[in-house]
Number of protein chains: 2
Amino acid sequence: MPKQTFFNLPDDKRQTLILAAEKEFSRVPLFEASISNIVKTAGIPRGSFYQYFEDKEDAYLFLLNQQAKARQGNFIALLSKNDGNLFDAITEMYRLILLEIPTQENLEFLKNAFLNMTHKIENIFTKIFSVNESSEKLREISSMINKENLNISDEDDLTHVIQIIMSVTFHNLVEKFAKELTYEQAMSNFKIEMNLLKNGLCKQGI
Amino acid sequence: MPKQTFFNLPDDKRQTLILAAEKEFSRVPLFEASISNIVKTAGIPRGSFYQYFEDKEDAYLFLLNQQAKARQGNFIALLSKNDGNLFDAITEMYRLILLEIPTQENLEFLKNAFLNMTHKIENIFTKIFSVNESSEKLREISSMINKENLNISDEDDLTHVIQIIMSVTFHNLVEKFAKELTYEQAMSNFKIEMNLLKNGLCKQGI
DNA sequence: CTCTGAAGTGACATGATGTCATTTCCCTAT
DNA sequence: ATAGGGAAATGACATCATGTCACTTCAGAG
């Protein structure tokens with residue numbers, strides 16, 4: 001959280017600072033962004049930055065939260081518009097994000113927010129499991145998968161199935177470590193989600 | 001990729017360096033790790049490090065790839081053992097990772113690999129959508145979701161359903177930006193995966 | 001008009017990165 | 001055995017970023 005000083009700032013000065021930060025975080029991923037650049041762009045002394053924010057990430061998180069708030073009402077509105085249908089609402093949300101981010105230069109940092117996590121590491125998870133599309137291994141693995149029971153119509157679907165399972169597995173790992181879950185909790189969550197995946201998130205015939 | 005020089009190194013020296021790097025990356029997340037610490041621990045001059053690696057990330061990726069290779073055979077073996085059943089294999093893989101990481105101190109960096117991505121940012125995606133468990137908003141959103149058609153037995157399942165959808169959505173966003181997919185490609189992939197989620201990844205009755 | 005606490009300021013100590021001129025090592029050819 | 005040459009090793013250095021702090025300025029209350 002930015003310090004109170006930041007919120008006490010006159011609107012225009014605060015806005016200048018926000019724009020400068022957005023610009024810097026849009027230029028490069030978080031870890032490369034430099035406070036020096038932000039203060040230079042904003043035309044404020046270095047010390048002032050630390051008067052307002054704890055550090056670089058503090059500013060970054062503030063920007064993300066700003067965006068979050070902007071989208072909060074958005075998603076709720078979408079749910080409402082789609083009669084509570086989670087899939088329709090999230091699909092529309094996804095569409096809006098895809099459409100919005102490329103058009104606003106200062107939102108580039110949101111795109112970086114997603115890429116940051118992978119950065120040059122590309123997809124760590126993919127690396128750890130050695131499953132990436134250009135790899136021989138993926139083909140080997142794909143060929144070994146028993147497709148009889150999978151609900152897929154072609155090879156392309158299989159790739160998507162793998163992607164889905166990997167996303168969910170990855171998410172579970174992050175949760176496990178971030179929340180310091182016990183082994184039992186982590187396994188239990190994982191199994192629940194795998195079962196949901198197998199059986200489908202919607203009742204049949206819908 | 002590390003430079004050839006690194007692979008030309010005598011085994012013991014290379015191993016010392018690997019251990020030093022693992023130690024440093026296990027100590028702190030990637031962006032805080034310092035090359036100075038690695039060379040100090042390994043007892044090699046600073047310049048040598050750059051003789052072997054491009055930079056910090058190069059070393060980091062090398063370590064991850066090493067782990068990847070160690071697990072590659074692993075996963076294939078698991079698939080084979082489980083008659084190609086993807087769910088069983090991945091569940092066993094997951095279990096093994098959970099069991100293995102906490103016991104080996106020098107594998108702590110793998111744990112960091114997952115946490116890195118989220119770092120202090122926790123779950124950026126969660127922030128952007130303002131859906132986190134402690135938030136009022138999640139309750140509000142949950143209450144608005146039409147649960148009639150969802151294949152869930154209780155409120156707890158609903159949380160898992162949301163987690164799954166978020167993981168997959170997040171993954172799609174990362175893919176979109178990392179691979180610079182067009183809007184159409186990104187939407188198409190997303191819809192395919194959402195449909196798979198709705199209908200289930202396995203044929204009924206399995 | 002003065003006093004006081006909050007905010008602003010920028011020089012500075014510290015420490016990290018990547019480079020490069022120089023030295024050392026080791027293999028090969030004579 | 002030794003001279004030559006290319007690869008590898010070395011560590012001092014230029015550069016740059018961070019966070020701090022002593023000092024200054026400001027603005028509002030009395």
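Here is how names work: the chains are called A, B, and so on, in the same order as the sequence lines, proteins then strands, and each is numbered from 1. Remember, it's a predicted structure, so these values are computed and weren't measured experimentally. Atom set for the values below is all heavy atoms of this structure, side chains included, hydrogens, waters and symmetry mates excluded.
The phosphate of dA7(C) (OP1 or OP2) has a side-chain N or O of Asn8(A) nearer than 4.0 angstrom.
Between Phe62(A) and Phe7(A), the ring-plane angle classifies as perpendicular under the 30° and 60° cut-offs.
Taken from CZ in Phe190(A) to CG in Leu181(A), the straight-line distance is 13.5 Å, to the nearest 0.5 Å. In this structure, CZ on Phe25(A) lies 4.0 Å from CD1 on Ile38(A), to the nearest 0.5 angstrom.
Heavy atoms of Tyr52(A) sit under 4.0 angstrom from primed sugar atoms or phosphate atoms, though from no base atom. Note on Ile38(B): nothing from the nucleic acid sits closer than 4.0 angstrom, heavy atoms only. Looking at heavy-atom distances under 4.0 Å, Ser48(A) makes contact with a base. Note on Lys13(B): only backbone sugar-phosphate atoms sit closer than 4.0 angstrom, heavy atoms only; bases stay farther off.
A donor-acceptor contact shorter than 3.5 Å links the side chain of Ser34(A) to the backbone of Asn37(A). A donor-acceptor pair is defined here as one N or O able to donate and one able to accept, closer than 3.5 Å; no such pair exists between the side chain of Glu54(B) and the backbone of Met1(B). In terms of modelled atom types and a separation under 3.5 Å, the side chain of Lys3(A) and the main chain of Tyr50(A) share a donor-acceptor contact.
No salt bridge links Glu32(B) with Arg27(B); every basic N to acidic carboxylate O contact stays at or beyond 4.0 Å.
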**Message:** Between Asn8(A) and Gln4(A), is the side chain to side chain donor-acceptor pair (under 3.5 Å) condition met? List the steps.
**Reply:** CA-CA 6 Å; Asn8(A) 294 343; Gln4(A) 188 52 46; 3.0 Å; yes

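Taking atom CZ of residue Phe49(B) and atom C1' of nucleotide dA8(D), one finds them 16 Å apart after rounding to whole Å. For Glu24(B) and dA16(C), the CD to C1' distance is 12 Å, given to the nearest whole Å. Rounded to an integer number of Å, the gap from Phe53(A) CZ to dG8(C) C1' is 15 Å. Separating the CZ atom of Phe31(B) from the P atom of dA16(C) is a distance of 14 Å, rounded to the nearest angstrom.
Here salt bridge (charged side-chain N to carboxylate O under 4.0 Å, His left out) pairs that include residues 8-19 of chain B, with residues two or more places apart or in two chains, are Asp11(B)-Arg14(B).
For Gln51(B) and dA8(D), a side-chain-to-base donor-acceptor distance below 3.5 Å is absent, hydrogens and geometry of angles not being considered.
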**Request:** For nucleotides 14-27 of chain D, just jot down a letter per nucleotide in 5' to 3' order: B, S or -, based on protein non-hydrogen atoms under 4.0 Å.
**Result:** ----BBB-------

Shorter than 3.5 Å, N or O on both sides, protein versus nucleotides 21-24 of chain C: list them out with atom names.
none

